[in-house]
Protein chains: 2
Amino acid sequence: MPDAEYRDIRKLDLFSQMADEHFTSLMRGAYVQNFPAQIELTTEGEPSDFLHIVLSGSVDLFSEWNGRDTSMATVRPVSTFILAATIKDAPNLMSARTLEKSRIALIPSQDVRTIFDLDSSFARAIVTELAQCYRSVIKAQKDLKLRTSLERLANYLLRQLKHADGSATFELGFEKRRLASVLGMTPENLSRAFKGLQPYGVAVNGTHITIDDQADLERFAKPNPLIDDFST
Amino acid sequence: MPDAEYRDIRKLDLFSQMADEHFTSLMRGAYVQNFPAQIELTTEGEPSDFLHIVLSGSVDLFSEWNGRDTSMATVRPVSTFILAATIKDAPNLMSARTLEKSRIALIPSQDVRTIFDLDSSFARAIVTELAQCYRSVIKAQKDLKLRTSLERLANYLLRQLKHADGSATFELGFEKRRLASVLGMTPENLSRAFKGLQPYGVAVNGTHITIDDQADLERFAKPNPLIDDFST
DNA sequence: CTCGTTTATTGATCTGGATCAAGTCATTTG
DNA sequence: CAAATGACTTGATCCAGATCAATAAACGAG
């Protein structure tokens, strides 16, 4: 594994505090692999053999039931996924597929569980990470249950705008059809929702979004830190 | 605190493995209180000063936004809530109110965080508990995004039936209006959904549910362990 | 027990969002 | 470069579920 990647992983909250010896031991069993786009990395229902870390590219977490499917979240570098299943040694609840060419580190789940028992700093970091994940899903659920699709889109755009701070424009990171699924709507409806936000100064050109008047959009979207602030 | 309750709490997965000394220390700072029905125990957005444990009665976790509100979950004895906020020392994402006369133990969050740092068995138990919570919310989200309201109700009934094992009948634990909110629908629609399940052998009499032919209902509901099995 | 209040049901109507069907681009492939 | 493929958009229509309105039934307080 290249040094730069080794250090990127080490810098993750999950690994930054643990003993050197244990981190090295984890990395010894790990391997890094390049995947093309649209490769299924894990399948829901299967045991989780590896903790995954996205080093570059992006990964879609999705689920299926009775012929329907839905995107649950998108994982971007550098962060991990399937942590809960790894820790519980339980089947994955979601499938994962690469959205683009991606570089992924794989750490055998058994190793993670072993080091988890040995290193209490690591155990503590896992607690923090899991608590964060839990709270993120609760927020997503509130978003789904309390808002209409137009409101979800408006708030989504405002959250993205915050990342691209300063500028009034940003790029949608991925296809609109996937955004639609993440937001719990159909692609057709997403198109219409974008139109529905035009009166609030939202302009779309391909994947390029412009927001004329953030305050105006906020008056409509009513963002709330208990739903939209992913850092707390 | 009565001995019986002390032992009930000790038996919880979260506390069963930790050192006696630490458990005693936690319990020293804790206190137990009886609340009448419809009392708000915590409010979303407020800091979480106490880890709560429901000893008897039941508690509704709910959220509000822009004049709308929704039930997120019901907590029944004996279990804890607001664990993630306690650990992260972050604001509560949900409000909690008693549904009936309830007995609640309150452990100062600061104490929980202190013992968490001292006792690695406790830390490990918290990881397991949080992973469990996380996976439950993911399942709830899949339920919401992949199923119609009729399918959600059918699967809810089948899950309840599993708890009351053997019997083909059981009692709804709470008001239908709350069930409606938990399932993400209106009370009116819940009434209609119950009617919609009559062809599959579901009969309702007040809060008393009878399911003639479980296999028939399952053919419609298509329950799936990755959504409906709360134990994994 | 009785009155008043809340909850549950039922019917009528409305609407957000899904589905179906074309048509337009942009990208890939032979 | 042409044909094919797949994403996006737009319009027409449909449907699940919300809302509104009116009882009916259950519950609680006096």
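Residue numbers start from 1 in every chain, and the chains themselves are labelled A, B, ... in the order their sequence lines are given, proteins ahead of strands.
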Is there a donor-acceptor pair closer than 3.5 Å between any side-chain N or O of [X] and the backbone N or O of [Y]?
X	Y	answer
A:Thr148	A:Glu151	yes
A:Ser63	A:Leu93	yes
B:Gln132	B:Phe230	yes

Rounded interatomic separation in angstrom, taking [atom1] from [X] and [atom2] from [N]:
X	N	atom1	atom2	value
B:Met185	D:dC15	CE	P	19 Å
B:Leu150	D:dA18	CG	P	12 Å
B:Arg178	C:dT7	CZ	C1'	12 Å
A:Leu153	C:dG16	CG	P	16 Å
B:Gln38	D:dG28	CD	P	11 Å
A:Phe174	D:dA7	CZ	P	15 Å
B:Arg177	D:dC27	CZ	C1'	14 Å
B:Lys176	D:dA24	NZ	C1'	13 Å

### Query
When the C1' atoms of the five terminal pairs at each end define the local axes, what inter-axis angle does the helix from C:dC1-D:dG30 to C:dG30-D:dC1 show, to 10 degrees?
50°
### Query
Hey, which of A:Ser95, A:Ser181, A:Ser71 is the one that makes side-chain hydrogen bond (donor to acceptor under 3.5 Å, both in side chains) with A:Asp60?
A:Ser71
### Task
Return the nearest nucleotide to the side chain of B:Glu188; candidates are C:dG17, D:dC20, C:dA21.
D:dC20
### Nucleotide nearest B:Glu175 when distance is taken to its side chain, options C:dA8, C:dT9, C:dT19
C:dA8
### Summary
In A:Arg159, A:Lys222, A:Lys162, the residue satisfying salt bridge (charged side-chain N to carboxylate O under 4.0 Å, His left out) with A:Asp228 is A:Arg159
### Query
Is there side-chain contact between A:Ser109 and A:Ser48, with heavy atoms separated by less than 4.5 Å?
yes
### Task
Pull out every residue in residues 189-204 of chain A that has a heavy atom closer than 4.0 Å to any atom of DNA chain D, ordered by number, or say none.
A:Ser191, A:Arg192, A:Lys195
### Task
Would you please confirm or rule out a distance under 4.0 Å between OP1 or OP2 of C:dG16 and any side-chain N or O of A:Thr148?
no
### Message
Please tell me if B:Thr186 has a side-chain N or O lying less than 4.0 Å from either OP1 or OP2 of D:dG17.
### Response
no
### Task
Please report the C-alpha distance between A:Leu150 and A:Phe220 in whole Å, then the side-chain angles of each, then the deciding distance to 0.1 Å, and finally whether the side-chain contact (heavy atoms from CB on, under 4.5 Å) criterion is met.
CA-CA 10 Å; A:Leu150 200 58; A:Phe220 168 75; 3.8 Å; yes
#### Entry: A:Arg97 charged N/C atom sitting above A:Phe62 aromatic ring, 6.0 Å / 45°
yes
#### Entry: Contacts of type ring-ring contact (aromatic ring centres under 6.0 Å, His included), residue B:Phe170, not counting sequence neighbours
none
